[in-house]
There are 2 protein chains.
Amino acid sequence: MPQDATNEPDGVGTGPPVPRVPDPPLDDSDYRALAEFRHALRVFLRFSEEAARAESLTPNQHQLLLAIRASPAAPTVTELSRQLQLRPNSTLELLRRAESAGLVELHTDETDHRRQLASITEDGEARLERLTRLHRDELRRFRSQAGDLLDSLG
Amino acid sequence: MPQDATNEPDGVGTGPPVPRVPDPPLDDSDYRALAEFRHALRVFLRFSEEAARAESLTPNQHQLLLAIRASPAAPTVTELSRQLQLRPNSTLELLRRAESAGLVELHTDETDHRRQLASITEDGEARLERLTRLHRDELRRFRSQAGDLLDSLG
DNA sequence: ACCATTACATCGTAGAACGATGTAATGGTG
DNA sequence: CACCATTACATCGTTCTACGATGTAATGGT
């Protein structure tokens, strides 16, 4: 009994790569702005990765903790898949590794035995808090850079 | 003769994960805003990945093409490493794969035989242009979402 | 000429996301 | 309340790529 026929991540937008081609021409300055935006993004992500690593976390473990912590109730694997834009099986594997690392706990939902509810451990939350503090400044920096660059794209 | 003692990516900031811990407390709304920002970012990156794949490119090949196209002159491997925040050897491997795919060309710099200068092929540029057009709308969307979310962080 | 430095080259490895596939639990339907 | 489509997770093998470690050629200063 196959089920997840496509195994696509439950996306927010349904079909992104529609090949409709808008008109406006692209000049060098457009490419430069785009490239600078991507560079700023990569610098931010590098920072985030190094910060996570300093807490002995992988970048995705960090994101996982954040997603769980920000959730109003203990989220299911499927909900986390949406948030993290990963396939459900990948999310589960990520959860298992995080569980082994003592960062999260998984419990079967009592009212629906198909579901696994994820919660964050004390240790996981402590690491997340430190990471989050470190991210605030860097995010401010990214915000101003990226904002300017994207504005220059019209 | 070892040389690249650290093999670190020539970063913009020198030492990101300094464990100074700023004061302000974090509440649920901070975590929610952060998580939503990350979600918006992941949706954007997913979009970008799918768009690249629709042009038979990997996400990094797309970024590579953009970096070369945006460069005022044919960039070296080291310069691209900076832009893409990758280790030089990873950048070279990325370039070689892109070269095999007919997207870029590599030529030894005539004035400095250590350097390899990267240029984009006609086909590479055509694919990049289509991709870039597709990205404009999505970037606008991301800009407004991310802007609001980051503003709510103070 | 000498040597430190720069810039690329090669290779083996590991980690993780994925596709394919399978199984258990649920819920609507007649 | 049997039936079956759907939902939700589980498992496994594969693949792809960024990386560390290491090496070599070219350059530039003294």
Side-chain angles (χ1 to χ4, degrees), chain A residues 1-11 42 45-46 49-50 52-53 56-64 74-101 104-118, chain B residues 1-11 42 45-46 49-50 52-53 56-64 74-101 104-118:
Chain A
M1 291 77 185
Q3 78 309 0
D4 221 322
T6 60
N7 196 20
E8 277 179 11
D10 307 300
R42 279 172 180 268
L45 291 175
R46 260 299 168 204
E49 178 184 339
E50 293 306 322
R53 215 171 289 290
S56 302
L57 300 180
T58 67
N60 269 353
Q61 283 177 340
H62 170 209
Q63 300 306 297
L64 176 66
T76 65
V77 174
T78 299
E79 285 162 2
L80 288 171
S81 296
R82 246 193 287 278
Q83 171 70 24
L84 300 176
Q85 294 285 298
L86 294 175
R87 303 290 188 280
N89 56 345
S90 305
T91 304
L92 184 60
E93 290 164 356
L94 177 59
L95 276 165
R96 294 290 183 209
R97 291 190 297 270
E99 192 182 29
S100 297
V104 306
E105 285 178 355
L106 278 172
H107 299 293
T108 301
D109 184 350
E110 287 306 319
T111 71
D112 185 341
H113 286 195
R114 292 171 304 178
R115 297 185 176 178
Q116 294 291 321
L117 302 181
Chain B
M1 285 80 179
Q3 78 309 357
D4 221 322
T6 61
N7 195 21
E8 277 180 12
D10 308 302
R42 279 172 182 268
L45 291 174
R46 258 301 167 202
E49 177 184 340
E50 293 306 321
R53 216 170 289 290
S56 303
L57 300 180
T58 67
N60 268 354
Q61 282 176 342
H62 171 207
Q63 300 307 297
L64 176 66
T76 66
V77 174
T78 299
E79 285 161 2
L80 289 171
S81 297
R82 246 192 287 279
Q83 171 71 22
L84 300 177
Q85 295 284 298
L86 294 175
R87 303 287 188 281
N89 55 345
S90 306
T91 304
L92 184 59
E93 290 163 356
L94 177 60
L95 277 164
R96 294 292 183 206
R97 291 191 298 269
E99 192 181 29
S100 296
V104 306
E105 286 178 355
L106 278 172
H107 299 294
T108 302
D109 184 351
E110 288 305 321
T111 72
D112 185 341
H113 286 194
R114 291 172 303 178
R115 299 184 176 179
Q116 295 290 320
L117 302 180

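Naming convention: chains lettered A, B, ... in sequence-line order (proteins, then strands); numbering from 1 in each chain. As the structure is a prediction and not an experimental result, all values here were calculated from the model.
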Whole Å only: how far is the [atom1] atom of [X] from the [atom2] atom of [N]?
X: E110(A); N: dT26(C); atom1: CD; atom2: P; value: 10 Å
X: D112(A); N: dC9(D); atom1: CG; atom2: P; value: 8 Å
X: L45(B); N: dA17(C); atom1: CG; atom2: P; value: 14 Å
X: D109(B); N: dA26(D); atom1: CG; atom2: C1'; value: 12 Å
X: R42(A); N: dA18(D); atom1: CZ; atom2: C1'; value: 11 Å
X: L84(B); N: dT17(D); atom1: CG; atom2: P; value: 14 Å
X: R53(A); N: dG15(C); atom1: CZ; atom2: P; value: 11 Å
X: L92(B); N: dC11(C); atom1: CG; atom2: C1'; value: 13 Å

Exercise. Do R96(A) and E93(A) sit within salt-bridge range, that is, some charged N less than 4.0 Å from a carboxylate O?
Worked result: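 No.
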
Exercise. Between R82(B) and E79(B), does at least one N-O distance fall below 4.0 Å, as a salt bridge requires?
Worked result: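 Looking at E79(B) together with R82(B), the answer is no, because their closest N to O distance does not fall below 4.0 Å.
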
Are [X] and [N] close enough that a side-chain N or O sits under 4.0 Å from OP1 or OP2?
X: R87(B); N: dG20(D); answer: yes
X: Q61(A); N: dA16(C); answer: no
X: N60(A); N: dA17(C); answer: yes
X: Q116(B); N: dA9(C); answer: yes
X: S90(B); N: dT17(D); answer: no
X: R97(A); N: dA17(C); answer: yes
X: T78(A); N: dC9(D); answer: yes

Exercise. Which pair of heavy atoms, one from P59(B) and one from E49(B), lies closest together, and at what distance?
Worked result: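 The pair with the smallest heavy-atom distance is CG-CG, 3.6 Å.
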
Problem set entry | Distance-minimising heavy-atom pair for R42(B) and N60(A) | NH2-OD1, 2.7 Å

Problem set entry | T111(A) side, atom OG1; L117(A) side, atom CG - distance, nearest 0.5 Å | 8.0 Å

According to the Watson-Crick and G-U wobble definitions, with both distances under 3.5 Å, which nucleotide is paired to [N]?
N: dA9(C); result: dT22(D)
N: dA2(D); result: dT29(C)
N: dA4(C); result: dT27(D)

Seminar exercise, completed: Heavy-atom nearest nucleotide on DNA chain C taken for H113(A) and for R96(B); more 5' hit belongs to R96(B)

Problem set entry | Residue met sooner reading DNA chain C from 5', once R115(B) and R114(A) are mapped to nucleotides |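 Taking each residue's closest nucleotide, the earlier one in sequence belongs to R115(B).
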
For this session: Indicate whether any N or O donor in one side chain lies under 3.5 Å from an N or O acceptor in the other, for T108(B) and Q116(B).
Result: yes

Problem set entry | Side-chain-base donor-acceptor pair under 3.5 Å for E93(B) and dC8(C) | no

For this session: Select from V77(A) and E49(A) the residue whose nearest nucleotide in DNA chain D is closer to the 5' end of that strand.
Result: V77(A)

Problem set entry | Proximity to the side chain of N89(B) - top-ranked nucleotide from dA26(D), dT10(C), dA20(C) | dT10(C)

